[in-house]
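Before any comments, here is the structure.
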Amino acid sequence: MASLRIATWNINSVRLRLPLLGEVARSLEPDIICLQETKCPDELLPLDGLKALGFPYVAARGMKGYNGVAILSRIPFETRTNDPDWCLKGDCRHLGITLDAPGGPIELHDFYVPAGGDIPDRAANPKFGHKLDFVAEATTWSVARGENRRSVMVGDLNIAPLEQDVWSHKQLLDVVSHTPVEVAALGAWQRAGAWHDAVRHFVPEDQKLYTWWSYRARDWLAADRGRRLDHVWVSPDLAGTLRSHAILKAARGWEKASDHVPVMIELAL
DNA sequence: ATGGTCGATAGTCGA
């Protein structure tokens with residue numbers, strides 16, 4: 001049995017937080033790290049620094065200022081090239097690879113779903129419409145592709161689907177990230193791919209679970225008003241290989257922290 | 001108490 005550890009982290013600037021990425025690598029010892037919000041054009045990616053952390057294989061889809069995803073790996077992979085340009089915006093929110101994993105290839109998708117702005121109304125707020133359109137497109141894409149096999153999907157999905165994925169279900173019903181329309185959309189996407197929630201596999205649904213705490217809180221730890229926005233999903237055939245999970249909450253308390261913390265799952269292949 | 005704090009960027013925009 002070989003172990004495969006896949007982590008996901010909204011790093012909120014890969015250039016600013018390259019040292020913290022090293023801390024993540026040392027803390028979790030992942031084989032693969034999927035990043036979101038790298039905020040870095042590909043030609044400015046600190047490639048040597050990333051490789052020096054122990055990840056010789058790197059793929060990135062970045063742009064100036066906003067968004068951006070990247071995948072770092074200790075094992076070889078091929079980058080997928082024909083996946084959709086979501087909402088035809090060219091905005092660097094998805095990167096897919098095929099991993100040369102133990103026991104055969106594994107398809108891995110790294111997503112950064114639009115945050116959706118502040119007002120949960122498509123007419124009043126185009127960003128919210130974009131978010132819903134993005135998830136709907138991804139759902140349609142999943143339906144067309146049929147049931148996933150040996151596939152993993154990670155990322156900042158910017159939706160906290162379960163009541164215990166937010167600090168107060170009632171108080172966040174009208175807050176973008178936890179509105180019923182978003183939760184329904186994410187559920188449709190998940191069902192379309194028959195995806196298995198790999199973190200809730202280990203943590204019962206009646207237990208609070210967060211991966212993000214706002215920068216705006218006076219004391220994020222004391223207030224603990226978090227949300228679970230970052231997810232790892234696996235295809236049904238991989239559910240039985242799930243061995244462990246980790247949510248690196250300590251990373252939120254680091255100097256110059258991202259507002260998201262790394263999430264990791266371990267497969268026994 | 002509708003605020004608050006970040007990052008990229010060079011005025012604000014996005015989160």
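These numbers come from a predicted model, not from an experiment. Labels below follow one simple rule: chain letters A, B, ... track the order of the sequence lines, proteins then strands, and each chain is numbered from 1.
- Between B:dG7 and B:dG3, the distance separating the two P atoms is 22 Å to the nearest Å.
- With contacts defined as side-chain heavy-atom distances shorter than 4.5 Å, the pair A:Q164/A:Q207 does not qualify.
- In this structure, the side chain of A:R15 engages the main chain of A:K39 through a donor-acceptor pair within 3.5 Å.
- The separation between A:W213 atom CH2 and B:dA15 atom C1' is 17 Å, rounded to whole Å.
- Taking atom C1' on both nucleotides, B:dA15 is separated from B:dT9 by 15 Å, rounded to a whole Å.
- A heavy atom lying under 4.0 Å from DNA chain B marks the following residues of residues 216-233 of chain A, by number: A:R216, A:R218.
- Between the CG atom of A:N10 and the P atom of B:dG7 there is a distance of 12 Å, given to the nearest Å.
- Computed from coordinates, the A:R252 CZ to B:dT5 C1' distance equals 9 Å when rounded to whole Å.
- Proximity of A:K39 to the phosphate of B:dT9: no side-chain N or O atom is located under 4.0 Å from OP1 or OP2.
- Between A:L16 and A:K256, the shortest heavy-atom contact is CD2-CE, 4.3 Å.
- Rounded to a whole Å, the CG atom of A:N12 is 16 Å from the P atom of B:dT5.
- Side-chain contact between A:S177 and A:N158 is absent, with no heavy atoms from C-beta onward closer than 4.5 Å.
- A straight line from CG of A:L172 to P of B:dT2 spans 18 Å, rounded to a whole angstrom.
- We find that CZ of A:R17 is positioned 7 Å from C1' of B:dG7, with the value rounded to whole Å.
- Toward the 5' end of DNA chain B, the nearer of the two residues A:T38 and A:Y215, judged by each one's closest nucleotide, is A:Y215.
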Return all side-chain donor-acceptor pairs below 3.5 angstrom for residues 53-62 of chain A, not counting sequence neighbours, or 'none' if the list is empty.
| unit_1 | atom_1 | unit_2 | atom_2 | d |
| --- | --- | --- | --- | --- |
| A:R61 | NH1 | A:H94 | O | 2.8 |

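- Sorted by first then second residue, the side chain to side chain donor-acceptor pair (under 3.5 Å) pairs that include residues 234-247 of chain A, not counting sequence neighbours, are A:S235-A:D237, A:S244-A:E266.
- Following rounding to the nearest Å, A:N67 (CG) and B:dG7 (P) show an atom-to-atom distance of 17 Å.
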Restricting both atoms to N or O, compile the protein contacts to nucleotides 10-12 of chain B shorter than 3.5 Å, with distance only.
none

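- The interatomic distance linking A:H260 (NE2) with B:dA15 (C1') rounds to 8 Å, in whole Å.
- Look at the P atom in both B:dG4 and B:dA8: the space between them is 22 Å, to the nearest Å.
- Following chains of ILVMFWY side-chain contacts shorter than 4.5 Å, one can reach A:V199 starting from A:L242, so the two form part of one hydrophobic cluster.
- The closest side-chain heavy-atom distance from A:L108 to A:D110 is not below 4.5 Å.
- Counting only residues at least two apart or on different chains, the ring pair (Phe, Tyr, Trp, His ring centres under 6.0 Å) pairs with a member in residues 146-174 of chain A are A:H169-A:H178.
- As judged by a 4.0 angstrom heavy-atom cut-off over every strand, A:R93 is placed among residues touching the sugar-phosphate backbone only.
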All N/O donor-acceptor pairs, side-chain side in residues 184-195 of chain A, below 3.5 Å, sequence neighbours left out:
| unit_1 | atom_1 | unit_2 | atom_2 | d |
| --- | --- | --- | --- | --- |
| A:W189 | NE1 | A:S142 | OG | 3.4 |
| A:Q190 | NE2 | A:W195 | O | 3.4 |
| A:R191 | NH1 | A:G187 | O | 3.4 |

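- Comparing A:P41 and A:D118 along DNA chain B, the residue whose closest nucleotide (by nearest heavy atom) sits nearer the 5' end is A:P41.
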